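See below for the structure under consideration.
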Amino acid sequence: MDSNKYLSSLEYFLNKMQSSDDTFTNEVQDAIKDLCEILRIGAVKTMFQSNSIEFRYATLTDNTAVYIIFPLKGQPEWSVEEKNRIKSICDMLFIFNGRTRMIELSKKLAFYDPEFKVYNLKYFHRFLASLIREDKIFGYYAVNFNLKQLNMINNRIGRNNCTKIMQRYIDLINSKLSEEEALCRLGGDNFAAIIKTENFPVVSKIFLGVNIDAPDICGESVRMSSSVGLYKISEQPKYAITSSEIMDRIHIAMQKAKRSAKAQIIEFDQELFEMQKRASAINAAFDDAIANEEFIVNYQPKVSLKGYTISGAEALCRWIHNEKVVPPGLFIPILEQSNDICKLDFYMLRKVCSDLRRWIDAGIKPVRISVNLSRMHLKNPLLVTQVCSIVDKYELPHDLIELELTETINPVEFKELQKAINGLRQNGFATSVDDFGTGYSSLNLIKEIPWNVLKLDKSLLPACGSENVWQDRILFKYIVAMAKEMGLECVAEGVETMEQLQLLSENNCEMAQGFFFDKPMNVKDFEDKLRDRVYTI
Ligand code: C2E
Ligand code: MG
Ligand code: MG
């Protein structure tokens with residue numbers, strides 16, 4: 001046997017294996033052919049067996065790798081030296097096969113969610129990118145789904161059991177998907193999937209709600225459903241879409257589905273696309289707008305019906321952007337999707353405090369000013385301390401500031417709201433329930449939280465031409481009576497007509513805010529009003 005030829009073939013073979021992820025690539029297979037010829041090997045077979053008695057190499061997974069070497073037909077027996085060389089080749093094959101398996105395993109770990117045993121976001125991006133690259137993305141639905149009411153289920157059956165139920169729900173969805181589809185966990189109870197259009201009706205039934213049988217987990221079956229954002233990738237877009245764009249779109253649609261009281265599945269469309277563009281523009285402009293003081297305070301008087309004097313005012317935000325006034329309805333809901341709304345509310349509180357300080361210093365008798373606080377603040381454990389420190393900087397009595405918050409039905413938020421209002425009241429601030437009557441208006445909200453003021457939403461006032469005027473009047477009467485009985489001040493919002501004003505008087509609702517008296521106005525005009533104070537009716 002030619003030793004030089006053997007050594008150079010061996011080196012060549014090792015190099016090929018070294019530069020390859022796998023021992024089964026064509027290059028490695030070609031390289032081993034030379035060695036086989038030199039060592040007169042007819043075939044090499046590799047087997048991985050469980051519990052075999054022919055153990056040769058124990059693998060990492062407790063299996064056995066068996067390499068069977070067949071001699072070329074009609075050749076003499078291998079010499080001892082040849083047998084040793086063949087053994088060395090098997091050793092090397094085993095080591096390299098082991099390496100291949102390790103690479104596969106680490107890829108799995110890198111692309112799998114360890115808890116739910118589904119793919120992770122990294123894999124999902126890869127999967128989408130390969131569908132896009134191969135022009136196979138059309139005819140798919142991309143989906144972002146978020147499991148509904150997990151808090152409630154957690155509270156009822158415990159966190160661990162809830163995770164097991166989640167796993168069953170996700171397994172059920174996964175079982176409906178083929179190899180050409182994929183599901184991944186984005187984190188928490190947030191998942192994404194890419195589903196063939198024709199398969200979507202089957203999966204959407206599970207999104208809309210199924211009972212997960214779980215007698216072994218919690219002795220009952222548990223209803224599971226999801227809020228779903230959908231993007232149909234059906235037609236050739238004008239430009240090449242990227243996996244990140246797909247992810248953005250389904251996320252936006254899912255957020256809308258989550259907020260929606262009615263629709264559980266929302267499809268991304270042109271309108272949402274425009275909204276997304278507007279939202280990105282607003283988010284991008286926000287920091288500069290705060291730094292350049294583009295946000296200004298408008299004041300809308302609250303008028304006491306005893307003598308029609310100004311007894312307070314609400315601070316309402318306006319954004320002067322590119323020389324236009326942007327109303328809050330266009331930017332507040334967008335800022336509420338991030339923490340930016342909290343920055344804006346504190347900015348408004350600072351501006352209000354600075355105005356109050358200036359009025360007091362100029363000898364103008366101030367009135368209590370209410371500032372809107374988004375519910376996003378409720379997650380901030382330092383809310384009360386931060387409000388105090390802003391107001392104290394301007395050395396103002398706390399009772400000149402009222403904080404308006406809207407109602408909530410979420411039990412977790414309810415607790416946070418209760419804590420925040422208690423803290424604000426203990427520090428001498430006034431607090432009001434804003435827009436009472438628009439949401440779920442739970443009576444617990446006013447029974448268990450120590451508010452000062454109930455602000456009745458304008459939808460509670462009978463409107464001109466309304467068909468149900470007498471029912472509206474009865475409702476209004478009893479809400480005011482109940483609030484007063486509980487020691488709350490009542491402010492009716494959106495008072496526009498003399499008839500509405502009369503209704504307030506008849507029912508002892510002591511304050512009105514609305515266009516009947518004034519629209520929100522700039523600080524200069526409000527200062528003039530403060531000097532005058534009285535409205536003539
Ligand atoms: P809101 O706190 O309930 O404020 C009352 C809204 O009703 C104001 O709308 C006001 O202009 C309007 N309004 C007052 N009287 C009448 C009336 O007689 N008829 C009608 N049709 N409307 C009347 P605006 O200023 O557009 O504000 C809308 C909402 O934006 C506010 O509702 C509040 O939720 C939010 N907002 C405004 N400024 C801020 C702020 O600084 N921070 C936060 N978090 N939210 C704010
Ligand atoms: Mg308000
Ligand atoms: Mg309101």
Side-chain angles (χ1 to χ4, degrees), residues 282 286 289-290 293-303 310 312-320 325-355 368-380 383 387 390 401-408 417 420 430-439 441 451-464 466 489-501 503-504 509 511-523 525-526 535:
I282 287 170
F286 179 75
I290 286 273
E293 309 211 337
E294 290 178 20
F295 294 102
I296 60 157
V297 183
N298 267 198
Y299 290 93
Q300 187 178 33
K302 291 179 193 170
V303 179
I310 297 182
E314 176 171 10
L316 292 159
C317 185
R318 301 288 178 265
W319 184 6
I320 315 294
V325 182
V326 188
L330 286 188
F331 60 87
I332 297 237
I334 289 159
L335 299 181
E336 275 184 324
Q337 286 170 26
S338 71
N339 223 33
D340 282 348
I341 189 66
C342 301
K343 287 190 206 159
L344 179 67
D345 287 347
F346 282 153
Y347 168 100
M348 290 287 287
L349 179 61
R350 258 181 236 111
K351 291 276 166 209
V352 165
C353 289
S354 141
D355 287 343
R368 190 163 83 195
I369 305 291
S370 64
V371 175
N372 289 285
L373 284 187
S374 158
R375 287 219 302 266
M376 289 293 285
H377 289 279
L378 297 180
K379 293 194 174 49
N380 175 8
L383 172 68
V387 170
I390 292 173
I401 299 289
E402 176 176 320
L403 286 319
E404 294 191 6
L405 276 128
T406 53
E407 47 196 338
T408 171
L417 183 65
T431 56
S432 48
V433 194
D434 201 358
D435 303 339
F436 185 80
T438 49
S441 302
W451 307 95
N452 300 90
V453 182
L454 196 65
K455 292 194 76 184
L456 306 171
D457 188 73
K458 49 183 168 287
S459 59
L460 289 177
L461 285 175
C464 296
S466 158
E489 291 172 38
C490 277
V491 179
E493 295 185 280
V495 176
E496 292 182 350
T497 64
M498 192 63 199
E499 292 76 52
Q500 289 172 333
L501 194 63
L503 179 76
L504 306 199
C509 174
M511 271 199 272
Q513 178 185 344
F515 296 169
F516 181 80
F517 293 105
D518 262 314
K519 289 194 166 172
M521 62 190 83
N522 66 37
V523 60
D525 291 345
F526 184 65
Y535 287 87

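Whatever order the structure lists ligands and atoms in, that order sets their numbers, starting from 1. Note that the structure is a prediction, hence the values are computed from the model and not measured.
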For this session: For atom 8 (C) of ligand 1, find the nearest protein heavy atom and state the residue, atom name and distance (0.1 Å precision).
Result: Leu316 CD1, 3.8 Å
Exercise. Would you say ligand 1 has an N or O under 3.5 Å from any N or O of Phe515?
Worked result: yes
For this session: If you have a sec, work out which protein heavy atom is nearest atom 38 (N) of ligand 1 and how many Å separate them, to one decimal?
Result: Cys317 N, 3.1 Å
For this session: State the atoms of ligand 1, each with its element, that fall below the 4.0 Å cut-off from a heavy-atom position in Glu493.
Result: 3 (O), 5 (C)
Exercise. Closest to the Mg ion (ligand 2), which N/O/S atom of Glu314 is it?
Worked result: OE2
Exercise. Which of the numbered atoms in ligand 1 are below 4.0 angstrom from a heavy atom of Pro328?
Worked result: 24 (P), 25 (O), 26 (O), 27 (O), 28 (C), 30 (O), 37 (C)
Exercise. Quick one: which ligand 1 atoms are inside 4.0 Å of a heavy atom on Glu496?
Worked result: 17 (C), 18 (O), 19 (N), 20 (C), 21 (N)
For this session: Mark whether atom 34 (O) of ligand 1 lies under 4.0 angstrom from at least one protein heavy atom.
Result: no
For this session: Mind checking the CD1-CG spacing from Ile369 to Asp355? Nearest 0.5 Å is all I need.
Result: 8.0 Å
Exercise. Do any N or O atoms from the side chain of Asp457 and from the backbone of Leu460 form a donor-acceptor pair under 3.5 angstrom?
Worked result: no
Exercise. Hey, does Val491 have a side-chain heavy atom less than 4.5 Å from the side chain of Ser432?
Worked result: no
Exercise. What do you reckon, does Leu344 have a nitrogen or oxygen under 3.5 Å from a nitrogen or oxygen of ligand 1?
Worked result: no
Exercise. So how far is it from Thr438 OG1 to Lys458 NZ, rounded to the nearest 0.5 Å?
Worked result: 9.5 Å
For this session: Compute both the distance and the angle, then confirm whether Lys351 meets the cation-pi test with Tyr347: under 6.0 Å from the six-membered ring centre, within 45 degrees of the axis.
Result: yes
Seminar exercise, completed: The N/O/S atom of Asp434 lying closest to the Mg ion (ligand 2) is OD2
Exercise. What residue and heavy atom of the protein are closest to atom 3 (O) of ligand 1, and at what distance?
Worked result: Asp435 OD1, 2.9 Å
Seminar exercise, completed: Within 4.0 Å of some non-hydrogen atom of Ile332, the atoms of ligand 1 are 36 (N), 39 (C), 40 (C), 42 (N), 43 (C), 45 (N), 46 (C)
For this session: I would like to know whether Lys302 and Glu489 meet salt bridge (Lys or Arg N to Asp or Glu O under 4.0 Å); could you show each step before the answer?
Result: CA-CA 12 Å; Lys302 291 179 193 170; Glu489 291 172 38; over 6 Å; no
Exercise. Heavy atom of Glu314 under 4.0 Å from ligand 1?
Worked result: yes
For this session: May I ask whether Pro520 has any heavy atom positioned less than 4.0 angstrom from an atom of ligand 1?
Result: yes
Exercise. What is the ring orientation for Phe331 with Phe295, classed by angle as parallel under 30°, tilted 30 to 60°, or perpendicular over 60°?
Worked result: tilted
Exercise. Are any N, O or S atoms from Glu404 nearer to the Mg ion (ligand 3) than 2.8 Å?
Worked result: no
Problem set entry | Sidechain-backbone polar pair: Arg318 side chain, Met521 backbone, donor-acceptor under 3.5 Å | no
Exercise. What is the distance from atom CD1 of Ile296 to atom CD1 of Ile320, rounded to the nearest 0.5 Å?
Worked result: 4.0 Å
Exercise. To the nearest 0.5 Å, what is the distance between CG (Asp518) and CD (Gln300)?
Worked result: 8.0 Å
Seminar exercise, completed: Here the gap from Leu316 atom CG to Lys519 atom NZ, rounded to the nearest 0.5 Å, amounts to 13.0 Å
Problem set entry | Heavy atom of protein closer than 4.0 angstrom to atom 29 (C) of ligand 1 | no
Exercise. Is it the side chain (CB and beyond), the backbone, both or neither of Arg318 that lies under 4.0 Å from ligand 1, heavy atoms counted?
Worked result: side chain
Problem set entry | Atoms of ligand 1 close to Met348 [distance to a heavy atom under 4.0 angstrom, numbered from 1] | 41 (O)
For this session: Flag the pair Ser374 / Leu344 as yes when at least one side-chain heavy-atom distance between them is below 4.5 Å, and no otherwise.
Result: no
Seminar exercise, completed: The atoms of ligand 1 lying under 4.0 Å from a heavy atom of Val495, numbered in the order shown, are 18 (O)
For this session: Using the Mg ion (ligand 3) as the apex, give the angle to atoms OE1 (Glu493) and OD1 (Asp435), rounded to 10 degrees.
Result: 90°
For this session: Please report the closest heavy-atom contact between Leu417 and Thr406, naming both atoms and the distance.
Result: CD2-O, 4.4 Å
For this session: Assess the side chains of Ser370 and Lys455: does a donor N or O sit below 3.5 Å from an acceptor N or O?
Result: no
Exercise. By number and element, which atoms of ligand 1 are closer than 4.0 Å to a non-hydrogen atom of Asp345?
Worked result: 40 (C), 41 (O), 42 (N), 43 (C), 44 (N)
Problem set entry | Atoms of ligand 1, numbered as shown, that sit under 4.0 Å from any heavy atom of Gln300 | 10 (C), 14 (C), 15 (N)
Exercise. Between Phe516 and Val303, is a side chain to side chain contact (heavy atoms under 4.5 Å, CB included) present by the stated rule, with each step listed?
Worked result: CA-CA 10 Å; Phe516 181 80; Val303 179; over 6 Å; no
Exercise. Out of curiosity, Leu335 CG to Met376 CE, how far, rounded to the nearest 0.5 Å?
Worked result: 10.5 Å
Exercise. Quick check: does Asp457 put an N/O/S atom under 2.8 Å from the Mg ion (ligand 3)?
Worked result: no
Seminar exercise, completed: So for Lys458 against ligand 1, with non-hydrogen atoms under 4.0 Å, the contacting part is side chain
For this session: Could you tell me whether any N, O or S atom belonging to Asn372 is less than 2.8 Å from the Mg ion (ligand 2)?
Result: yes
For this session: Return a yes/no value: protein heavy atom under 4.0 Å from atom 42 (N) of ligand 1?
Result: yes
Problem set entry | N or O contact, Glu336 vs ligand 1, cut-off under 3.5 Å | no
